> 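One structure coming up, written as structure tokens, with questions to follow.
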Amino acid sequence: MKVLLIGSGGREHALAQALNRDPIVEELHVAPGNPGIAQIATLHQIDLDNNQLVVALAKELAIDLVVIGPEKPLVNGLADALRKAGIATFGPSAIAATLEGSKDFAKQVMHDAGVPTARSFTCTTKAEMESALDTFGAPYVVKHDGLAAGKGVVVTNDRQIALDHAYLSPRVVIEEFLDGPEVSLFGISDGTTVLAMQPAQDFKRALDGDLGPNTGGMGAYSPLPWAPADIVEQTLTQVLKPTIAEMKARDTPFVGLLYAGLALTSRGMRVIEFNARFGDPETQVLLPRLKTPLATLLYQAATGALKDAPPLEWSTTAAVTIVLAAEGYPINPRLGDPITGTSSVDGAYLHHAGTALKDGVLHSAGGRVLSVTAIGESLTAARLAAYEAISKITLRGAHYRHDIALAASAAPKVREN
Ligand code: AMP
Ligand code: GLY
């Protein structure tokens, strides 16, 4: 099988590795990729905003399966263009990707499907915004309706800050605050059948102790020893299956990865957000433990054949991912500095994200520069190995969190129900 993967982040590096591990893959092509992915795939530099260029590339290479990593090309209709050209594609249509692209649309689908989520109002006028904030009270949660690359959500006790954020967007979703730990749980769907992956936890704030600004994600770990034993089954029955069924009933089937961002509240599970793609860095922590051959699985999803797929198989190990971020990330990342020590990382996966080669030397080229993922018999062992690996890498001013998976490995069972 010839596979074309779209994207250039740490998520795509982990996807590329997992696709390559599947013996069915004869050729792996990636557009645009990064210097890490270049070591294991053939890269193609094309304009991803131009769907027809991607279709032409897939045809020219006689690609059997396209896997789309990031949300932007999905929302831009790349999956629609590829399917129209008869190319099997893992990734939802533009309409189905609106589950990520519009918070309001996601709320409507959840409402119609009976999926538990925070109560909310969609507001377009200042009066509606003020009234919604006062209905729920502090802490206030204000979300811009469209794609915002992680910058659209503000959670604050300050009513004025909440209002100021709301005024920045013509359409906002204001919702009740959800307490409780957050979990990311992904479903792989062919539009009808959905298979749940294992849960992971992502660390969204920039600094230790969940301080500092929100980021794309600073680290992750899996499995979650503290989570309810039936969390996968619960998410499947309460969230993934009803959402996939609702999208199918609307004649806009969701083919691809449905990312459920969950809050495990004292009143039960609630969806905080949907994404229409693999999470980053959750993918880096999940795929090294997935034993099921990935290309075969994603091809089954892309061709409506998941009904006959065997259950997903996982190794019983634990995994921890730590993201190395550039100085100033996420506010104003400093780029263009040399990175050293990557060749000393052994016994751990190294996933490139914001890296570039300048005169043959690896340089930082993005806010999240790279990540390391270590596997161990326990979370404690995996996190020690991950911190050992990241300590080998030097980049001026770079920072990473020191508490990834710390609480979970120190207190392995804090939640029984
Ligand atoms: P989102 O982009 O919807 O995932 O929101 C970004 C982050 O804001 C989430 O990961 C949560 O930490 C926080 N957040 C979003 N919605 C809520 C909510 N209703 N209650 C509490 N925190 C929230
Ligand atoms: N790690 C959060 C995301 O991928 O959206």
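Just so you know, ligand 1 is whichever comes first in the structure, and atom 1 is the first atom listed for that ligand. Quick caveat, the model's predicted, so the values are computed rather than measured. Each residue takes its place number in the sequence, starting with 1.
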> Identify the two heavy atoms, one from Val239 and one from Met269, that lie closest to each other, and give their separation to 0.1 Å.
CG2-SD, 4.1 Å
> Under 4.0 Å from any heavy atom of Glu176, which atoms of ligand 1 are there?
18 (C), 19 (N)
> Identify the closest protein heavy atom to atom 5 (O) of ligand 2: which residue and atom is it, and at what distance?
Arg277 NH2, 2.9 Å
> Does an N or O anywhere in Glu282 fall below 3.5 Å from an N or O of ligand 2?
yes
> Which atoms from ligand 1 have a heavy atom of Leu178 less than 4.0 Å away?
18 (C), 19 (N), 20 (N), 21 (C)
> Do NZ/NE/NH1/NH2 and the carboxylate oxygens of Arg159 and Glu130 come within less than 4.0 Å?
yes
> Side chains of Thr192 and Lys248: do they bring a donor and an acceptor to under 3.5 Å?
yes
> Just say parallel, tilted or perpendicular for the rings of His29 and His44, cut-offs at 30° and 60°.
tilted
> Any heavy atom of Arg11 closer to ligand 2 than 4.0 angstrom?
no
> Tell me the closest heavy-atom pair linking Arg396 and Asp337, and the distance in Å.
O-OD2, 4.2 Å
> Are any of the side-chain heavy atoms of Glu12 and His351 separated by less than 4.5 Å?
no
> Can you find a non-hydrogen atom of Gly261 under 4.0 Å from ligand 2?
no
> Of the non-hydrogen atoms in Thr321 and Pro281, which two are nearest, and what is the gap between them?
CG2-CB, 4.0 Å
> Phe177 heavy atoms, cut-off 4.0 Å: which ligand 1 atoms fall inside?
20 (N), 21 (C)
> Do any nitrogen or oxygen atoms of Asn214 lie less than 3.5 angstrom from nitrogen or oxygen atoms of ligand 1?
no
> With a 6.0 Å cut-off on ring centres, are Tyr299 and Phe90 close enough?
no
> What atoms in ligand 1 come closer than 4.0 Å to a heavy atom of Lys103?
1 (P), 2 (O), 3 (O)
> Show me which atoms of ligand 2 lie under 4.0 Å from any heavy atom of Gly279.
4 (O)
> Counting only heavy atoms, which portion of Tyr259 has something under 4.0 Å from ligand 2: side chain, backbone, both, or neither?
side chain
> Quick check: Ala118 and ligand 1, any N/O pair under 3.5 Å apart?
no
> What are the atoms of ligand 1, with element, lying closer than 4.0 Å to any heavy atom of Glu182?
9 (C), 10 (O), 11 (C), 12 (O)
> For ligand 1, which atoms sit closer than 4.0 Å to a heavy atom of Lys143?
3 (O), 15 (C), 16 (N)
> Quick one: look at Lys204 and ligand 1, take heavy-atom pairs under 4.0 Å, and tell me if it's side chain, backbone, both or neither.
side chain
> Could you tell me if Ser184 and Glu282 have a donor-acceptor pair between their side chains, going purely by distance under 3.5 Å?
yes
> Any atoms of ligand 1 less than 4.0 Å from a non-hydrogen atom of Glu175? List them with their elements.
16 (N), 17 (C), 18 (C), 19 (N)
> Below 4.0 angstrom from a heavy atom of Asn275, which ligand 2 atoms are there? Numbered from 1 as shown, please.
5 (O)
> Is it true that His352 and Asn34 share a donor-acceptor pair across their side chains at a distance under 3.5 Å?
no
> Do Tyr167 and His165 have ring centres separated by under 6.0 Å?
no
> At a 4.0 Å threshold, what atoms of ligand 2 neighbour a non-hydrogen atom of Gly216?
1 (N), 2 (C)
> Does the side chain of Arg289 come under 3.5 Å of the side chain of Ser222 through a donor N or O and an acceptor N or O?
yes
> Taking all atoms of both residues into account, what is the closest heavy-atom pair of Thr373 and Val285, and its distance?
CG2-CA, 4.3 Å
> Mind checking whether Asp280 has an N or O less than 3.5 Å away from an N or O of ligand 2?
yes
> Arg270 near ligand 1, heavy-atom distance under 4.0 Å?
no
> What do we get for Val141 next to ligand 1 when only non-hydrogen atoms under 4.0 Å count, side chain, backbone, both or neither?
side chain
